[in-house]
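First the structure, in the form of structure tokens, and then the observations on it.
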Amino acid sequence: MARNSNSTAPPCHAHTAPASDQQRRLRQAECNKAGADADDPNHGHRPGAEEDEEEEELLLKGVRHLCERRGITRLPARYVLPPSDRPAAPDHQRGSCPTIPVIDLDRLRAPAERAAALAELDAACRDYGFFQVVGHGVGGRGMMMLDVARRFFDLPFGERARYMSPDIRAAVRYGTSFNQLNDGVLCWRDFLKLVCDDLDGVVPSWPDAPADLRGVVSAYARSSRRLFRELMEAALEALGIGGPGAGEVLADCDAGSQMLMVNCFPACPEPDLTLGMPPHSDYGFLTILLQDEVNGLEVRHADRWVLVDPLPGSLVVNVGDHFEMYSNGRYKSVLHRVRVNSARSRISVASLHSLPPARVIGPAPELVDDEKNPRRYMDTDFATFIDYLSSAEGKHKSFLQTRRLLTS
């Protein structure tokens with residue numbers, strides 16, 4: 001079984017009594033002051049230019065390194081969101097909160113139940129853009145993946161830092177925040193990015209510590225790819241796309257792109273002032289999320305944030321921008337974000353799947369009707385997305401909006 005997320009992680013901050021309302025108001029005024037320099041996380045004094053540079057260098061080494069270097073009791077100013085962007089109390093605590101649909105793959109595999117299960121999958125992709133999957137068969141490989149991920153983030157900083165790179169195109173990259181070169185406010189998150197295209201070719205470039213990382217992660221990546229293929233076959237059937245059209249897309253899925261984002265969200269001293277990841281949508285066709293028992297993922301639904309309570313043994317799947325474009329808007333790529341907490345760190349592994357990077361993606365011809373369902377998106381490819389991400393923060397649904405032809 002996966003170890004408790006607090007079992008070996010160093011403390012991120014000292015456990016102190018919550019700040020008073022007056023202290024919080026003073027802190028908010030300090031952090032919102034126009035042109036204010038980043039303050040020292042423990043002492044609150046205004047540093048000089050040299051200290052500013054040192055502080056920025058420290059923060060860009062990641063949250064884990066910050067926590068290991070200092071027992072911080074206050075959130076550094078570079079992580080403090082403007083008041084309008086800060087997470088409010090979770091909607092699930094205010095009652096009558098919708099739950100994310102659950103799709104049982106055993107029902108999809110049973111001929112007598114497949115039609116009903118396909119209708120449920122279609123409704124989940126259309127109405128929520130998110131669903132939880134059970135009966136997926138990943139099982140023990142998922143628990144091993146979470147365990148090796150924890151042990152990677154527990155490594156000394158020097159070991160992790162070998163894979164740091166400012167290049168967002170790097171096939172192997174250890175980094176922090178969301179899009180750290182463009183983020184105006186940093187996110188309380190560290191990550192290890194692993195491109196999984198041509199696994200046999202890329203695995204030797206992956207970290208060699210922990211010693212079992214390459215074997216465990218490659219096995220999980222293969223399981224995730226098989227699940228992606230099965231879900232895409234079902235989703236195409238639910239969309240009414242069959243024959244050569246479905247065959248071409250499924251062949252592209254088999255040869256398509258896959259990227260693992262292994263995320264660590266350490267315990268945070270002031271979680272109500274920041275986020276682990278900002279509101280965003282994913283670029284690909286489907287994202288398959290493995291997460292530990294610590295919740296934090298929130299989905300935007302019906303103009304509210306819905307906390308996803310992890311169903312034991314399940315995986316969370318969401319529709320990406322490419323699939324919304326391919327479905328001509330029938331399936332929704334929705335905003336989601338990650339909250340952090342003051343008590344426990346959280347580990348998650350997102351497996352992002354799409355078609356081959358060179359493949360041009362646009363609405364499926366079967367789903368376009370000039371009179372009743374006109375084309376809503378222009379064609380795009382992966383290079384266009386990367387170019388966009390290099391020049392912008394990439395938050396919200398900003399990339400998808402650049403490809404939209406009509407307001408849906």
Side-chain angles (χ1 to χ4, degrees), residues 100-136 224-258 281-288 299 301-302 315-334 352-356 359-382 397 400 403-408:
I100 303 302
V102 178
I103 304 298
D104 187 347
L105 288 189
D106 287 336
R107 295 184 61 230
L108 272 173
R109 295 163 185 153
E113 298 186 71
R114 185 169 178 85
L118 284 174
E120 293 171 3
L121 175 64
D122 182 68
C125 293
R126 187 180 63 244
D127 300 335
Y128 281 83
F130 265 81
F131 53 92
Q132 298 194 69
V133 173
V134 296
H136 47 71
S224 183
R225 182 179 284 273
R226 287 193 293 269
L227 178 57
F228 166 63
R229 212 297 187 162
E230 182 175 6
L231 290 171
M232 281 299 303
E233 184 175 3
L236 291 172
E237 186 176 346
L239 284 168
I241 298 175
E248 180 182 352
V249 172
L250 292 174
D252 280 339
C253 289
D254 292 337
S257 65
Q258 179 183 11
S281 61
D282 296 342
Y283 74 87
F285 262 69
L286 292 176
T287 298
I288 299 171
V299 176
H301 178 74
L315 296 168
V316 177
V317 180
N318 65 278
V319 173
D321 293 348
H322 285 176
F323 209 179
E324 177 169 333
M325 287 185 274
Y326 179 80
S327 71
N328 203 31
R330 177 167 170 175
Y331 289 172
K332 303 301 182 185
S333 174
V334 303
L352 296 97
H353 298 264
S354 195
L355 307 190
R359 172 79 146 79
V360 174
I361 297 170
E366 298 91 334
L367 302 178
V368 174
D369 181 321
D370 289 341
E371 293 184 2
K372 296 182 179 180
N373 195 25
R375 170 186 270 258
R376 289 178 165 83
Y377 304 92
M378 66 181 75
D379 292 345
T380 192
D381 57 17
F382 183 68
K397 294 182 71 173
L400 191 64
R403 315 313 295 166
R404 186 170 283 128
L405 294 173
L406 299 175
T407 302
S408 56

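Along the sequence shown, the residues carry numbers beginning at 1.
The shortest heavy-atom contact between R109 and H136 is NH2-O, 4.0 Å. The shortest non-hydrogen separation linking P356 to A255 is CG-O, 3.6 Å. Looking at every heavy atom in both residues, P363 comes nearest to R375 through CD-NH1, 3.5 Å. The two residues R330 and A238 make their nearest non-hydrogen contact at NH2-O, 3.6 Å. The two residues V360 and D381 make their nearest non-hydrogen contact at CA-CB, 4.5 Å. Shortest non-hydrogen contact noted between L121 and A235 is CD2-N, 3.8 Å.
Between the CG atom in L105 and the CG atom in L227 there is a gap of 6.0 Å [rounded to 0.5 Å]. Between the CG atom of L239 and the CG atom of L367 there is a distance of 5.5 Å, given to the nearest 0.5 Å. For the atom pair CG (D321) and OH (Y377), the distance works out to 9.0 Å, reported to the nearest 0.5 Å. For the atom pair L286 CG and C125 SG, the distance stands at 7.0 Å (nearest 0.5 Å). With rounding to the nearest 0.5 Å, the separation of NE2 in H353 from OG1 in T287 is 8.0 Å. Taken to the nearest 0.5 Å, the CE atom of M325 stands 9.5 Å off from the CZ atom of R404.
Between R403 and E324 there is no salt bridge, since no side-chain N of the basic residue sits under 4.0 Å from a carboxylate O of the acidic one.
Side-chain contact between M232 and L250: present, with at least one pair of heavy atoms (C-beta onward) separated by less than 4.5 Å.
A perpendicular orientation is assigned to the rings of Y331 and F323, their planes being inclined by more than 60° (bins at 30° and 60°). Using the six-membered ring where Trp is involved, Y283 and H322 have ring planes that are perpendicular, over 60° apart on the 30 and 60° scheme.
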Task: side-chain contact (heavy atoms from CB on, under 4.5 Å) evaluation trace for Q132 with V316 - done: CA-CA 4 Å; Q132 298 194 69; V316 177; 4.0 Å; yes
Open item on the list: Please evaluate residues L355 and Y326 with respect to the criterion side-chain contact (heavy atoms from CB on, under 4.5 Å), reporting the C-alpha separation (whole Å), side-chain torsions for both, the decisive distance (0.1 Å), and the verdict.
Closed with: CA-CA 11 Å; L355 307 190; Y326 179 80; over 6 Å; no
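Here the side chain of D282 pairs no donor or acceptor atom with the backbone of G320 at under 3.5 angstrom.
Applying side-chain contact (heavy atoms from CB on, under 4.5 Å) to V133 and the options V317, D104, L108 leaves one that passes, V317.
Considering only residues two or more places apart in sequence or on other chains, R229 meets the salt bridge (charged side-chain N to carboxylate O under 4.0 Å, His left out) condition with E233, D254.
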